[in-house]
Every structure is written in C-alpha cells, then in structure tokens.
Engineer: 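Sending over a structure as structure tokens; questions will come in a sec.
Residue numbers start from 1 in every chain, and the chains themselves are labelled A, B, ... in the order their sequence lines are given, proteins ahead of strands.
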2 protein chains.
Amino acid sequence: MPVSASSDGSVWLRHERPPRDRQLSRDQIVGAAVPVLDAEGHRGLSMRRIASDLGVTAGSLYWYVRTKDDVLELALDRVLGEVRADPDEPNWRRGLAGLARSTRAMLLRHRWALRELTIRPNLGPNAFTLAETGLRLLSRAGFAGADLDAAMATVHDQVVGAVIAEVAWHDTLTRMRESGVEWSEHATTAYLRDVAERHPLLARRMAAGRKIEVERDSERRFEFALTCLLEGLAATRHTVTGADPTANADRLLTPDPRRPLTADAG
Amino acid sequence: MPVSASSDGSVWLRHERPPRDRQLSRDQIVGAAVPVLDAEGHRGLSMRRIASDLGVTAGSLYWYVRTKDDVLELALDRVLGEVRADPDEPNWRRGLAGLARSTRAMLLRHRWALRELTIRPNLGPNAFTLAETGLRLLSRAGFAGADLDAAMATVHDQVVGAVIAEVAWHDTLTRMRESGVEWSEHATTAYLRDVAERHPLLARRMAAGRKIEVERDSERRFEFALTCLLEGLAATRHTVTGADPTANADRLLTPDPRRPLTADAG
DNA sequence: ACCTGAACACCGTTCAAGT
DNA sequence: ACCTGAACACCGTTCAAGT
C-alpha cells in the first residue's frame with residue numbers, strides 16, 4: 001500500500017545531504033517546481049514532470065526529498081520570501097496592513113501556495129521571519145502574552161480566509177467562461193429564481209451585483225475586512241487579557257460552554 | 001487524458017434523473033461518502049470505495065453524478081445542514097457568534113468539509129440558508145448595500161481561516177504523536193534554537209506555550225478573534241460605506257494603489 | 001553516493017456490452 | 001434506463017541494479 005501520509009516531522013528538520021557526485025539539489029528541485037505550479041497548479045505538478053524538466057528520472061528526486069509533500073513545503077517557503085513587510089514601521093496599523101496586502105498579492109501570484117499555507121504549520125525560515133515581523137508590529141500596538149499570539153493569528157487567518165474566497169470565486173468564473181457556460185443559462189436562472197424566493201436578502205444582493213464585478217470587488221472587500229479588523233484590534237487591545245480571556249468575552253457574548261471537539265486525544 | 005477539471009457549472013444546476021430501474025440515488029451516494037470522509041478523510045474516499053460500500057460498480061456512480069467533485073459538493077451541503085443558527089436572535093452579536101461557533105463545531109466534526117468549503121463557491125440550499133441568516137443578523141446590525149456583503153464575507157472568512165489553522169495544527173500534532181516523533185528530538189531543538197536566536201518575539205512565545213497546550217488554546221483564540229471582529233464591525237458599521245469605501249480606509253490606512261492581480265481576464 | 005528503469009499498487013473516468 | 005467489467009492514462013513511491 002502506498003504510504004502517502006506526509007512524513008513525520010518537517011523537511012526543515014532534515015538536512016540536505018552533503019554533496020559529492022550530485023547533479024541535483026533541493027534548490028533546483030524547488031526551482032523547477034514553482035514555475036510548473038504557477039502555470040498549471042497542483043494538477044500540473046508530478047514528480048515525473050519535475051524530473052523530466054531537470055533531465056533526470058523521477059526516482060532520483062527521492063534522494064533529495066522524502067515525499068512530494070516535501071517539495072511543496074519547500075516551494076511554499078520560497079514564495080513566502082517574496083512577501084515584503086517593514087517590521088520597523090512606526091504606525092502599527094499601516095505596518096500590518098502592508099504585511100496583509102503584500103501577502104495577498106503574493107498569494108494571487110502563486111495561488112497554489114494557499115493550499116500549502118493552510119495544510120500544515122509552517123516551519124520554513126521565511127515563515128518565521130514574517131511571523132516575527134507581525135509580532136513586532138502587534139507588540140508595538142500593545143499586545144503581549146497570549147493575546148499577542150491570538151492577535152497575530154487573527155490577522156493571519158483573516159488574510160488567508162479572504163484570499164481563499166477570492167481565489168475560489170475567480171477560478172470558478174474563469175472556468176465557467178472557458179467552458180462557455182453563462183450565468184444566464186436556463187437551469188441556472190431557474191435555480192436562482194427559486195433560491196431568491198426563499199431568501200430575500202440574498203436575492204437583493206444578487207440583483208445588486210452585476211456578475212462580472214464580483215471579481216473587481218475582491219480588493220474592496222479585502223480592505224473592508226482589514227479596516228474592520230484593525231479597528232477591532234485597536235478597540236480590544238487593552239480589554240482582552242491573556243490572563244482571563246473570558247472576562248471580556250462575557251461582556252459581549254455568551255461563550256458556548258461545550259468542550260472543543262478535538263480534545264479527544266489528551 | 002483524464003479530464004478532471006471540475007465540471008462547468010455546479011451539481012446544483014443539473015437535476016437528478018427521474019427514476020426508473022434505479023438501485024441508487026444521489027442521496028445514497030452522499031450517505032455512503034460522508035462516513036468514509038469523516039473516518040478516513042479525502043485520502044480514504046474513492047469512487048471504487050463508495051461503489052463497493054453500496055454494492056455496485058464504480059462506473060455506475062457516473063450515472064448519477066458527473067465527477068467525484070460532484071459527490072464532494074453534495075456532501076458539503078449535507079453537513080452544512082448541521083449548522084444551527086437563529087436568524088431572529090435580537091442581539092446580532094450573539095446571533096453571529098452562535099453562527100460562527102456552530103460552524104466551527106461542524107467543521108471540526110467533518111474536517112474534510114473545510115477543503116470543499118474553500119475550493120469553490122457554494123451553491124447548495126443549506127449554504128444559501130446560512131448566508132441568509134448571516135445577512136439578516138448583519139442587516140439588523142446596521143449594514144446595508146455592498147457593506148452588508150463585505151461584512152458577511154469578513155465573518156465567514158475569519159471563521160474559515162481560524163478553523164483551517166486549528167485543524168492544520170491538530171493534524172500535525174496527531175501525526176507526530178502517531179509516528180513517535182517528539183518536539184524534543186535533537187534535530188528539532190537544534191533547528192528551533194537557531195530560529196529563536198534570530199527571532200526574539202517568536203522565541204519568547206515558543207518558550208511560553210507548552211507544546212501540548214497548543215491544542216487547547218484553539219478555542220480561546222477563536223473567541224479572541226470573534227470578539228475582536230464583532231467589536232470592529234460595531235465600530236465601523238456607520239463609518240464605512242458601500243458608496244465610498246476608500247474614504248474610511250484613508251482615515252486608517254494608506255491603501256496600496258496597485259491593481260488587483262487577478263484582473264487579467266477583463 | 002547518486003541515478004536509472006522497471007515495477008507495484010493505486011487513482012478517476014470512459015465505454016462497449018449486457019439486461 | 002441503468003449497471004457491469006474491462007480498459008486507458010495516469011499517479012507517488014520503492015528498489016534492485018548499475019556507475
């Protein structure tokens with residue numbers, strides 16, 4: 001049976017072998033993989049493809065890398081290196097907004113990276129550098145302790161979540177255009193009319209947005225979320241505390257007392 | 001060549017054939033797929049597996065469904081039906097928080113659904129119902145027009161982003177435990193010591209969090225983000241306007257004038 | 001030490017042929 | 001109309017054998 005469960009531990013913990021007779025290196029492998037991913041996505045990338053682009057056989061890649069997953073993990077960190085952010089920006093909001101926008105731009109250039117970014121924690125050097133930058137800006141904003149982590153995670157998750165949705169829509173529209181399907185198709189309109197009847201607010205929004213604009217609205221939406229999030233961070237930074245996070249939550253919400261469903265392993 | 005690009009249009013736009021001699025239905029197919037997905041994830045699900053669980057041949061599934069992707073799209077909507085939310089909750093914050101928490105709980109029960117939820121826009125009936133609920137709560141909060149959409153998207157993206165990160169961590173820890181790898185392994189500590197030297201804030205956080213607790217912190221983090229987001233929404237609902245979204249952004253940030261990188265198709 | 005070439009054990013999807 | 005069974009064109013990964 002093919003053991004494709006990704007390796008125990010991360011590539012970053014396994015050193016590249018010291019050279020001798022090599023024709024290859026991890027760097028070259030990543031260098032071959034990234035353009036293929038950019039052009040054809042995950043579907044276009046196979047070990048055989050990387051190998052043939054490098055003039056070798058698929059099997060030989062396994063001398064440098066343990067699984068295909070390793071290749072993707074390395075490729076992710078390479079493109080994370082393209083993100084620009086200034087850890088010393090005195091205005092923390094501006095700094096975080098810059099980090100967020102630069103991350104979004106990178107993810108739109110390398111859509112495949114989204115999957116890698118979300119499938120496992122990220123232990124590459126560039127990932128760490130970006131995390132440090134974010135933490136620096138947020139600690140300047142007044143966050144510390146557990147709240148610092150939580151604030152960082154919140155910003156990161158918002159960016160990732162937003163770009164995921166954006167890319168999903170964009171890809172779908174592209175695919176529909178390519179296959180000649182139109183929103184105005186009979187089945188579609190019939191289905192949507194049905195939906196509209198049951199869901200008035202949804203119907204109003206569907207009527208308002210001309211379909212093509214969906215694409216253009218993405219950036220506006222991203223900025224909205226960013227504004228909202230930074231405003232929220234600014235508002236809560238002194239009220240939410242790492243020591244007793246529920247105190248503030250109670251003020252606003254009634255937290256669900258249910259235990260987290262994942263805690264079945266402890 | 002195997003055409004695996006997902007179908008033009010969505011399953012929801014193609015009606016199930018009228019019955020005659022059937023042994024199967026879309027419902028049964030989904031009913032077979034979901035438990036497999038829950039137990040073994042995407043890796044465990046194959047068309048052959050579904051078929052054999054139903055006592056038929058793989059090929060016959062294609063009479064009801066056009067691709068494996070169709071099956072997953074249907075399965076997603078089924079589990080979306082498990083999300084509970086009250087559109088008439090008078091306190092919009094409480095209502096949205098409830099929706100968010102119920103969504104998170106569902107996604108933790110059906111981890112595979114995260115991928116489906118993020119890979120394409122969602123056109124199933126349960127997805128629409130949930131969207132309508134969210135819109136209702138947010139319109140009660142004072143949002144309208146384009147801002148209503150943006151606010152809805154912001155909440156959705158935050159939930160999705162947060163749960164993605166949570167699941168990624170959880171899976172990684174589980175995998176490491178299963179394969180007997182420990183955080184205290186030589187290579188690991190050496191690598192992390194190296195990282196710590198270069199990244200002081202990261203180092204401080206790594207020292208603070210005992211590794212096992214990472215898992216338990218997820219819920220706290222989720223609540224933090226939720227609090228922060230609702231606070232941000234409350235603060236911006238009257239200042240950000242659909243008509244001129246940049247006006248408010250300017251007050252806080254300097255938006256990047258760069259065009260969205262996706263607009264290459266218009 | 002590094003790479004080849006062939007093999008293994010899978011996939012999703014298609015399609016003639018049966019009933 | 002619906003299902004079977006076999007085939008097609010792929011995968012990632014392994015591993016003896018070569019150099």
Engineer: Atom CD of A:Q23 to atom P of C:dC2: distance rounded to whole Å?
Structural biologist: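 Result: 11 Å.
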
Engineer: So does B:S60 get a side-chain nitrogen or oxygen closer than 4.0 Å to the phosphate oxygens (OP1/OP2) of D:dT4?
Structural biologist: yes

Engineer: Any side-chain N or O of A:W63 under 4.0 Å from OP1/OP2 of C:dC2?
Structural biologist: yes

Engineer: How many whole angstroms separate atom CD of B:Q28 from atom C1' of D:dC3?
Structural biologist: 14 Å

Engineer: Strictly below 4.0 Å, heavy-atom distances to any atom of DNA chain C: list the hits from residues 30-42 of chain A, or just say none.
Structural biologist: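 Those residues whose heavy atoms fall under 4.0 Å from DNA chain C, taken from residues 30-42 of chain A, amount to none.
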
Engineer: Measure from OH on B:Y64 to C1' on D:dT4 and round the result to the nearest Å.
Structural biologist: 13 Å

Engineer: Please tell me if the side chains of A:E40 and A:R49 come closer than 4.5 Å, counting only heavy atoms from C-beta onward.
Structural biologist: yes

Engineer: Under a 3.5 Å distance rule, please check whether B:T57 uses its side chain to pair with a backbone N or O of B:S60 as donor and acceptor.
Structural biologist: no

Engineer: If a pair means Watson-Crick or G-U wobble with both distances below 3.5 Å, what does DNA chain D look like in dot-bracket form, with | marking bases paired to a different strand?
Structural biologist: ||.|||||...|||||.||

Engineer: Expressed in angstrom and rounded to an integer, what is the separation of B:R43 atom CZ from C:dA9 atom P?
Structural biologist: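 So the two atoms are 19 Å apart, to the nearest Å.
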
Engineer: Among D:dC3, D:dC11, C:dG12, find the nucleotide with the atom closest to the side chain of B:S46.
Structural biologist: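 When the side chain of B:S46 is considered, C:dG12 is the closest of D:dC3, D:dC11, C:dG12.
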
Engineer: In terms of side-chain geometry, is the basic nitrogen of A:D171 or A:R111 positioned less than 4.0 Å from the acidic oxygen of its partner?
Structural biologist: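 Judged by the 4.0 Å cut-off on N to carboxylate O distance, A:D171 and A:R111 do form a salt bridge.
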
Engineer: Can you check the A:I29 CD1 to C:dC2 P distance for me, whole Å?
Structural biologist: 12 Å

Engineer: Is there side-chain contact between B:L72 and B:L37, with at least one heavy-atom pair below 4.5 Å?
Structural biologist: yes

Engineer: Check each of A:D77, A:N122, A:L123, A:T133 against A:F128 using the side chain to side chain contact (heavy atoms under 4.5 Å, CB included) test, and report the only one that passes.
Structural biologist: A:L123

Engineer: For the pair made of NZ in B:K68 and P in C:dC11, what is the distance, rounded to whole Å?
Structural biologist: 9 Å

Engineer: Side chain to side chain contact (heavy atoms under 4.5 Å, CB included) with A:V160: which of A:V155, A:T118, A:T103?
Structural biologist: A:T118

Engineer: Taking atom types as modelled, find out whether B:H42 and B:E116 have a side-chain donor-acceptor pair closer than 3.5 angstrom.
Structural biologist: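 A pair is found: one side chain offers a donor N or O, the other an acceptor, under 3.5 Å apart.
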
Engineer: Contact list please: residues 50-59 of chain B against DNA chain D, heavy atoms, distance less than 4.0 Å, in numerical order.
Structural biologist: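 Result for residues 50-59 of chain B: B:V56, B:T57, B:G59, sorted by number.
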
Engineer: Return the value, rounded to whole Å, for the distance between atom CZ of A:R48 and atom C1' of C:dC3.
Structural biologist: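 From A:R48 CZ to C:dC3 C1': 16 Å.
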
Engineer: Does NZ or CZ of A:R104 lie under 6.0 Å from the centre of the six-membered ring of A:F222, at an angle within 45° of the ring axis?
Structural biologist: yes

Engineer: Does the B:R120 side chain pair with the main chain of A:W169, one donor and one acceptor, at a distance under 3.5 Å?
Structural biologist: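 Such a contact is absent between B:R120 side chain and A:W169 backbone.
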
Engineer: Ignoring hydrogens and angles, tell me if any N or O in the side chain of A:S102 forms a donor-acceptor pair with the backbone of A:L99 under 3.5 Å.
Structural biologist: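 Such a contact is absent between A:S102 side chain and A:L99 backbone.
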
Engineer: Heavy atoms, side chains only, cut-off 4.5 Å: are A:R78 and A:D27 in contact?
Structural biologist: yes

Engineer: Any side-chain heavy atom of B:L45 sitting closer than 4.5 Å to one from B:K68?
Structural biologist: yes

Engineer: Rounding to an integer number of Å, can you tell me how far A:Y62 OH sits from C:dC8 C1'?
Structural biologist: 13 Å

Engineer: Regarding A:L45, tell me which of base, sugar-phosphate or nothing describes its non-hydrogen contacts under 4.0 Å with the strands shown.
Structural biologist: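 It contacts sugar-phosphate atoms only.
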
